[in-house]
Enquirer: 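Input: one structure, supplied below.
Quick note: numbers below take in every heavy atom, side chains included, and nothing from hydrogens, waters or symmetry partners. Just so you know, ligand 1 is whichever comes first in the structure, and atom 1 is the first atom listed for that ligand.
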Amino acid sequence: MRNNQLNGTKIAFIGGGNMATALISGLCKQGVEGSNIHVIDINSANLAQLQTKFGVSTALQIDAQLTSSNVIVLAVKPQQMREVAAQLLPHIGKQLIISIAAGIRALDLSRWLGHHPAIVRTMPNTPALINQGITGIYAMPDVDLAQREIADAILSAVGSTVWIADEALIDPVTAISGSGPAYVFYFIEAMQKAAQEMGLSTEQGTQLAIATFTGASQLAALSADPVSVLRERVTSKGGTTHAAITSMDHSGIAAAIVTALKAASDRGRELGDEFGRQE
Ligand SMILES: NC(=O)C1=CN([C@@H]2O[C@H](COP(=O)(O)OP(=O)(O)OC[C@H]3O[C@@H](n4cnc5c(N)ncnc54)[C@H](O)[C@@H]3O)[C@@H](O)[C@H]2O)C=CC1
Ligand SMILES: O=C(O)[C@@H]1CCC=N1
């Protein structure tokens, strides 16, 4: 087993959708046995797929196997979290609870779970599907070191992790990297449209746009220079890039992006308020 931290750890998921599937796939690639993973979902088709693909055990509702797990990952939508916590409450013991839901605050989840102390709130993203995810992680003060290491090992199975000391900053993390893949896809879609309008084929536009994102991201990751310097190196005086960047500046694109990401972060906080208030 490559990930010794998780050796023998029994992990249960409530919610077996997109993000849970990415995490389970990453865990299995890390050598976690499917027999150590249990998934609860109300959708039997999702469960059948997970069972076939990863050899995990499954159930349509909370059962003894979930109760005997060491870690429970809550991977349902924020709107379902309160109801799931209520179902879980009578069955909960000393398990480490990891939530991946946007907005839902650790303290609210803890209260819904009878003041359960071991709550870790995380924000992964969909590149987890190809082991290139990045996850922000916050742990409540009573989560011990061994539990923090387990949480880190689970999320590291699908990419890298960034620990966040102040839970309020998980909403900005959600705005940057949780929702972030959608902004990148949005930009790629715009580049595809421009390519097509200027006469390139759909295939050519797609290939050019995606390879440019991959190459530029890798360059930014590997270069010792700041991203602004990398941008300046592309931007010849009086050249083509200068024409595009000047146009973007005139349209206020950078400022609009900052405003948009703040809206995402605000929405995360609102979700927390909306569901945290419910008693
Ligand atoms: N999709 C994304 O890019 C990201 C999503 N998240 C968070 O991950 C969580 C899950 O999102 P996705 O996987 O995208 O959603 P999804 O809709 O693919 O998965 C949710 C799953 O929960 C199941 N479910 C609903 N009610 C249930 C219940 N009472 N008991 C058991 N299972 C139940 C559904 O059948 C579904 O399979 C959300 O809270 C979201 O905020 C976090 C980071 C990124
Ligand atoms: O849009 C959402 O609410 C979720 C959280 C981050 C990405 N998707």
Side-chain angles (χ1 to χ4, degrees), residues 12-26 37-51 53-54 56-63 65-66 69 72-92 97-106 108-109 112-113 119-130 132-138 151 154-155 158-162 164 169-186 260-261 263-276:
F13 285 81
I14 305 190
N18 288 314
M19 291 309 295
T21 302
L23 284 168
I24 292 165
S25 167
I37 299 177
H38 188 56
V39 188
I40 311 249
D41 198 299
I42 51 173
N43 180 328
S44 55
N46 280 2
L47 292 179
Q49 234 171 19
L50 288 167
Q51 202 165 24
K53 224 166 160 186
F54 305 110
V56 300
S57 58
T58 62
L60 285 165
Q61 56 191 26
I62 291 170
D63 61 355
Q65 228 168 317
L66 177 121
S69 302
I72 299 174
V73 181
L74 300 179
V76 295
K77 295 284 188 195
Q79 288 79 355
Q80 283 126 22
M81 200 55 101
R82 179 79 213 272
E83 182 199 328
V84 162
Q87 288 166 3
L88 192 54
L89 178 60
H91 306 277
I92 196 139
I97 306 288
I98 300 177
S99 165
I100 66 166
I104 303 297
R105 290 182 196 122
D108 290 317
L109 197 48
W112 297 338
L113 293 169
I119 309 270
V120 170
R121 177 177 166 194
T122 71
M123 180 42 58
N125 66 5
T126 55
L129 282 163
I130 52 159
Q132 306 239 15
I134 184 150
T135 302
I137 311 187
Y138 163 79
I154 290 175
L155 277 313
V158 289
S160 47
T161 58
V162 176
I164 305 291
L169 294 177
I170 289 283
D171 293 323
V173 168
T174 306
I176 304 288
S177 56
S179 300
Y183 319 145
V184 173
F185 301 139
Y186 185 88
L261 269 61
S265 181
D266 289 349
R267 182 60 193 143
R269 203 174 49 244
E270 266 171 32
L271 282 169
D273 288 343
E274 205 172 316
F275 297 108

Enquirer: Could you check atom 3 (O) of ligand 2 against the protein and tell me its nearest heavy-atom contact, residue, atom and distance included?
Expert: Ala102 CB, 4.2 Å
Enquirer: I need the contact type for Ile104 against ligand 1. Using non-hydrogen atoms and a strict under-4.0 Å cut-off, is it side chain, backbone, both or neither?
Expert: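 No part of Ile104 comes within reach of ligand 1.
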Enquirer: Of the protein's non-hydrogen atoms, which lies at the shortest distance from atom 7 (C) of ligand 2, and what is that distance?
Expert: Gly178 O, 3.4 Å
Enquirer: Select one of side chain, backbone, both or neither to describe which atoms of Pro78 lie under 4.0 Å from any atom of ligand 1, heavy atoms only.
Expert: both
Enquirer: Mind listing the closest non-hydrogen atom pair of Leu113 and Leu89 along with its distance?
Expert: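 Taking every non-hydrogen atom into account, C-CD1, 3.4 Å.
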Enquirer: Do the side chains of Phe54 and Ile37 get nearer than 4.5 Å, heavy atoms only?
Expert: no
Enquirer: Just to be sure I read this right, does ligand 1 sit under 4.0 Å from the backbone of Met123, its side chain, both, or neither, counting only heavy atoms?
Expert: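 The part of Met123 near ligand 1 is the side chain, not the backbone.
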Enquirer: Only heavy atoms count here, so choose which of Pro181, Gly15, Ala22, Gly133 is nearest to atom 22 (O) of ligand 1.
Expert: Gly15
Enquirer: Tell me which protein heavy atom sits closest to atom 10 (C) of ligand 1, plus the residue, atom name and distance to 0.1 Å.
Expert: Ala75 O, 3.4 Å
Enquirer: Does the protein put any heavy atom within less than 4.0 Å of atom 5 (C) of ligand 2?
Expert: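 Within 4.0 Å of atom 5 (C) of ligand 2, protein heavy atoms are found.
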Enquirer: Considering only protein heavy atoms, which is closest to atom 1 (O) of ligand 2, and at what distance to one decimal place?
Expert: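 Nearest neighbour among protein heavy atoms for atom 1 (O) of ligand 2, to 0.1 Å: Ser179 OG, 4.5 Å.
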Enquirer: Could you walk me through whether Leu169 and Tyr138 pass the side chain to side chain contact (heavy atoms under 4.5 Å, CB included) test, one step at a time?
Expert: CA-CA 9 Å; Leu169 294 177; Tyr138 163 79; over 6 Å; no
Enquirer: Taking 4.0 angstrom as the limit and counting only heavy atoms of Ala101, give me the atoms of ligand 1 inside it, by number and element.
Expert: 39 (O), 41 (O)
Enquirer: Below 4.0 angstrom, N of the basic side chain to O of the carboxylate: do Asp108 and Arg121 qualify?
Expert: no
Enquirer: Would you say Phe275 and Arg105 make side-chain contact, with heavy atoms under 4.5 Å?
Expert: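 They are not in contact (no side-chain heavy atoms under 4.5 Å apart), so the answer is no.
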Enquirer: Which residue and atom name correspond to the protein heavy atom nearest atom 21 (C) of ligand 1, and how close is it?
Expert: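 Result: Asp41 OD2, 3.6 Å.
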Enquirer: Compare Val76, Val39, Leu23, Val84 and give the one whose heavy atom is closest to atom 9 (C) of ligand 1.
Expert: Val76
Enquirer: Do Phe13 and Asp41 have side chains that get closer than 4.5 Å, going by heavy atoms?
Expert: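 Contact flag for Phe13/Asp41 side chains = no.
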Enquirer: Where does Ile42 meet ligand 1, judged by heavy-atom distances below 4.0 Å: at the side chain, the backbone, both, or neither?
Expert: both
Enquirer: If you have a sec, work out which protein heavy atom is nearest atom 8 (O) of ligand 1 and how many Å separate them, to one decimal?
Expert: Ile100 CD1, 3.3 Å
Enquirer: Select one of side chain, backbone, both or neither to describe which atoms of Ile14 lie under 4.0 Å from any atom of ligand 1, heavy atoms only.
Expert: side chain
Enquirer: Among protein heavy atoms, which lies nearest atom 12 (P) of ligand 1, and at what distance?
Expert: Lys77 NZ, 3.9 Å
Enquirer: Ignoring hydrogens and angles, state whether a donor on the side chain of Ser57 or Gln51 is under 3.5 Å from an acceptor on the partner side chain.
Expert: no
Enquirer: So is Asn43 polar-close to ligand 1, meaning N/O to N/O under 3.5 Å?
Expert: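 Between Asn43 and ligand 1 (N or O atoms, distance only) the closest approach is not under 3.5 Å.
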Enquirer: When you look for heavy atoms under 4.0 Å from ligand 1, do you find them on the side chain of Ala102, its backbone, both, or neither?
Expert: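 Answer for Ala102: both.
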Enquirer: Which atoms form the tightest heavy-atom contact between Gly15 and Ala20, and what is the distance?
Expert: O-CB, 3.1 Å
Enquirer: Do the side chains of Arg269 and Glu274 get close enough for a salt bridge, i.e. N-O under 4.0 angstrom?
Expert: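 No salt bridge links Arg269 with Glu274.
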Enquirer: Going by the side chain to side chain contact (heavy atoms under 4.5 Å, CB included) test, name the single residue among Leu155, Leu109, Ile97, Ile137 that passes it with Val120.
Expert: Ile137
Enquirer: Distance alone, cut at 3.5 Å: any donor-acceptor contact between the side chains of His38 and Asp63?
Expert: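 Yes, Asp63 and His38 have a side-chain donor paired with an acceptor closer than 3.5 Å.
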Enquirer: So do the side chains of Ile14 and Val73 get within less than 4.5 Å of each other, counting heavy atoms only?
Expert: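 In short, these two side chains do not touch, never coming nearer than 4.5 Å.
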Enquirer: Is the closest side-chain heavy-atom distance between Ile72 and Leu66 below 4.5 Å?
Expert: yes
Enquirer: To which protein heavy atom is atom 43 (C) of ligand 1 closest, and what is the distance rounded to 0.1 Å?
Expert: Pro124 O, 3.2 Å
Enquirer: Please report which non-hydrogen protein atom sits nearest to atom 25 (C) of ligand 1, along with the residue it belongs to and the distance in Å to one decimal place.
Expert: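 Going by distance alone, atom 25 (C) of ligand 1 is nearest to Gln80 OE1, 3.4 Å.
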Enquirer: Compare all side-chain heavy atoms of Ile62 with those of Leu88 and state whether any distance is below 4.5 angstrom.
Expert: yes
Enquirer: Would you check whether Thr126 has a nitrogen or oxygen atom less than 3.5 angstrom from a nitrogen or oxygen atom of ligand 1?
Expert: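 Among all N and O atoms of Thr126, none is under 3.5 Å from an N or O of ligand 1.
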Enquirer: Among protein heavy atoms, which lies nearest atom 4 (C) of ligand 1, and at what distance?
Expert: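 Its nearest protein heavy-atom neighbour is Met19 CG, 3.5 Å.
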Enquirer: Identify the protein heavy atom lying closest to atom 19 (O) of ligand 1, giving its residue, its atom name and the separation to 0.1 Å.
Expert: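 Its nearest protein heavy-atom neighbour is Gly17 CA, 3.3 Å.
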